[in-house]
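To start, the structure under review is shown below, and the notes come after it.
Bear in mind that the values here come from a model prediction, so they are computed numbers and not experimental data. Proteins get letters first, then strands, A, B, ... in listed order; numbering begins at 1 in each.
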There are 2 protein chains.
Amino acid sequence: MPELNGEEQQKTRWLDQLKAHGYRMTRPRQAVVEAILGDPTHWRPEQVFERARRTYPNLGLVTVYRTLELLQKLGLIRRVHMERGCRSYTLASQEHSHQLICRDCGRVEEFSECDLLETVERLAKRTGYSIEAHWLELLGRCPACLVAG
Amino acid sequence: MPELNGEEQQKTRWLDQLKAHGYRMTRPRQAVVEAILGDPTHWRPEQVFERARRTYPNLGLVTVYRTLELLQKLGLIRRVHMERGCRSYTLASQEHSHQLICRDCGRVEEFSECDLLETVERLAKRTGYSIEAHWLELLGRCPACLVAG
DNA sequence: ACTCTTACTGATAAATATTTTCAATAAAGG
DNA sequence: CCTTTATTGAAAATATTTATCAGTAAGAGT
Ligand SMILES: [Mn+2]
Ligand SMILES: [Mn+2]
Ligand SMILES: [Zn+2]
Ligand SMILES: [Zn+2]
């Protein structure tokens with residue numbers, strides 16, 4: 001049997017997710033998904049729009065916004081906040097995970113470790129807060145950008 | 001000698017900082033500073049504008065944006081990103097610190113502990129990234145909001 | 001296939017949010 | 001005071017995000 005490449009597999013998985021949640025599989029949504037799948041960086045709605053329009057020229061920008069928000073609600077992508085530009089999204093394969101982002105090229109590495117439990121508990125005790133969530137992003141340079149100078 | 005309360009002290013310190021960096025001490029800037037000092041929450045430019053205008057009605061919104069950015073560059077305040085609204089600022093007394101934010105009332109607790117060094121080093125080794133900075137926010141409910149329900 | 005329902009779409013407008021420009025003003029130093 | 005020039009606010013220009021709405025097409029049922 002012919003083996004699907006990772007990207008195709010992932011696409012199928014995403015479309016299944018949509019179906020599983022009662023959403024319809026439409027051309028515009030497919031175009032958005034295709035535009036972002038397999039891209040190890042993060043993208044702003046405008047960029048997604050540009051790329052997705054190449055496969056589906058009639059696409060509207062609003063639909064990009066809506067689709068990105070939808071995919072995020074399904075947990076397939078996650079929003080990241082950058083120094084410049086707070087609405088970027090990136091692939092999110094893990095349930096709980098964080099991002100290590102290259103400031104030069106935007107490349108994102110996902111990771112799930114975060115030794116915050118101790119800190120969180122200590123803080124909760126000290127402040128009386130109930131701590132419900134944490135946001136963590138690491139910023140730096142990827143290997144490729146490091147050698148590039 | 002009469003003791004200054006914390007807020008007055010802090011105001012003096014801020015104005016000194018401005019002077020020390022060659023910036024002028026102007027009425028509009030003072031108004032902005034007064035509007036945010038002593039407030040343990042976080043504020044959006046528009047809110048600062050509203051409050052500062054009460055002591056200096058002629059204030060322009062642009063100046064609020066500019067002043068907040070300036071204070072941030074001086075390290076006196078820090079930007080925080082919320083689920084809704086990515087441009088909020090909060091007091092920052094420590095050089096390196098993070099925020100624990102109440103989702104209900106916006107109250108912010110500053111803290112400087114973060115046991116991320118291990119994780120960071122491990123990740124750097126694994127990914128080849130040079131990790132230069134991290135961004136961390138804890139979200140939850142403050143004691144007051146917890147009892148309020 | 002064909003029909004029906006309605007989720008989904010894109011165009012448009014509206015609402016927000018941010019940045020740029022620029023002539024007038026006032027802070028700070030002499 | 002006087003001079004210099006950093007700073008200001010109004011206004012315009014951009015940029016970003018959300019709300020409306022009539023038309024369209026996905027998917028379920030036949
Ligand atoms: Mn975590
Ligand atoms: Mn943000
Ligand atoms: Zn890179
Ligand atoms: Zn609270």
Side-chain angles (χ1 to χ4, degrees), chain A residues 11-12 14-35 42-74 76-77 79-89, chain B residues 11-12 14-35 42-74 76-77 79-89:
Chain A
K11 183 175 168 191
T12 306
W14 284 28
L15 303 189
D16 285 351
Q17 283 282 324
L18 284 177
K19 198 177 294 183
H21 285 78
Y23 296 105
R24 292 183 181 172
M25 178 34 50
T26 66
R27 291 269 287 107
R29 280 178 180 159
Q30 261 181 270
V32 170
V33 166
E34 279 163 15
H42 57 91
W43 353 268
R44 316 213 49 187
E46 189 65 42
Q47 300 169 351
V48 175
F49 182 51
E50 240 177 85
R51 286 187 53 184
R53 235 173 10 166
R54 296 211 277 262
T55 71
Y56 185 69
N58 199 35
L59 182 66
L61 177 57
V62 255
T63 297
V64 174
Y65 274 90
R66 290 190 281 231
T67 303
L68 289 174
E69 201 175 310
L70 174 58
L71 293 174
Q72 190 222 32
K73 256 191 292 212
L74 294 180
L76 300 172
I77 65 178
R79 190 169 163 186
V80 295
H81 302 246
M82 302 298 292
E83 288 104 331
R84 264 250 241 302
C86 275
R87 196 181 217 91
S88 276
Y89 294 88
Chain B
K11 183 176 167 190
T12 307
W14 283 28
L15 303 190
D16 286 350
Q17 283 282 324
L18 283 178
K19 199 177 294 183
H21 285 79
Y23 295 106
R24 293 182 180 174
M25 177 36 50
T26 67
R27 293 268 286 106
R29 279 177 181 162
Q30 261 181 271
V32 170
V33 166
E34 279 162 14
H42 57 92
W43 353 269
R44 321 213 43 190
E46 188 65 42
Q47 301 169 351
V48 175
F49 182 52
E50 242 178 83
R51 287 187 54 184
R53 243 194 334 185
R54 296 210 277 262
T55 72
Y56 185 67
N58 200 34
L59 182 67
L61 178 57
V62 252
T63 297
V64 174
Y65 273 91
R66 289 190 281 230
T67 303
L68 290 174
E69 201 176 309
L70 173 59
L71 293 173
Q72 189 221 34
K73 255 190 292 207
L74 294 180
L76 301 171
I77 65 178
R79 190 168 165 188
V80 295
H81 303 245
M82 301 297 293
E83 287 104 330
R84 264 249 241 301
C86 274
R87 198 182 215 92
S88 277
Y89 293 89

Discussion item. As an exercise, state the distance from CG of A:L74 to OH of A:Y23, rounded to the nearest 0.5 Å.
Written reply: 6.0 Å

Item to complete: Pick base, sugar-phosphate or nothing for B:R87, based on heavy-atom distances below 4.0 Å to the nucleic acid.
Response: sugar-phosphate

Worksheet entry | A:Q47 side chain reached by A:R51 side chain, heavy atoms, under 4.5 Å | no

Practice prompt. Determine whether A:R79 and A:H42 make a side-chain contact, defined as any pair of heavy atoms from C-beta on separated by less than 4.5 Å.
Written response: no

Discussion item. Once rounded to the nearest 0.5 Å, what's the spacing between atom CD1 of A:I77 and atom CG of A:L71?
Written reply: 4.5 Å

Discussion item. In whole Å, I'd like the distance from the CZ atom of A:R66 to the C1' atom of C:dC8.
Written reply: 7 Å

Response to the item:
chain A vs DNA chain D, heavy-atom contacts under 4.0 Å, first-to-last nucleotide span, 5' to 3', is D:dT16 to D:dG27

For residues 54-69 of chain B, tabulate all N or O donor-acceptor pairs below 3.5 Å that involve a side-chain atom, not counting sequence neighbours.
unit_1, atom_1, unit_2, atom_2, d
B:T55, OG1, B:A52, O, 3.2
B:T67, OG1, B:T63, O, 2.7

Discussion item. If you take any heavy atom closer than 4.0 Å to DNA chain C, which residues from residues 42-58 of chain A end up in contact?
Written reply: A:Y56, A:N58

Fill in: B:R44: partners by salt bridge (Lys or Arg N to Asp or Glu O under 4.0 Å), with sequence neighbours left out
none

Discussion item. For B:E46, give me all partners under salt bridge (Lys or Arg N to Asp or Glu O under 4.0 Å), at least two apart in sequence or on another chain.
Written reply: none

Item to complete: Decide yes or no on side-chain contact (heavy atoms from CB on, under 4.5 Å) for A:L70 and A:R29, but give the supporting numbers first.
Response: CA-CA 10 Å; A:L70 174 58; A:R29 280 178 180 159; 3.8 Å; yes

Worksheet entry | Interatomic distance where CG belongs to B:L68 and P belongs to C:dT19 [whole Å] | 12 Å

Item to complete: Side-chain contact test, heavy atoms from C-beta onward, threshold under 4.5 Å: evaluate it for B:Q30 versus B:K11 and give yes or no.
Response: yes

Worksheet item: Are B:S88 and B:H81 close enough that some pair of their side-chain heavy atoms sits under 4.5 Å apart?
Response: no

Provide a list of protein-nucleic acid N or O atom pairs under 3.5 angstrom, restricted to nucleotides 27-30 of chain C.
unit_1, atom_1, unit_2, atom_2, d
C:dA27, O3', B:M25, O, 3.4
C:dA27, N3, B:R24, NH1, 3.0
C:dA28, OP1, B:M25, N, 2.4

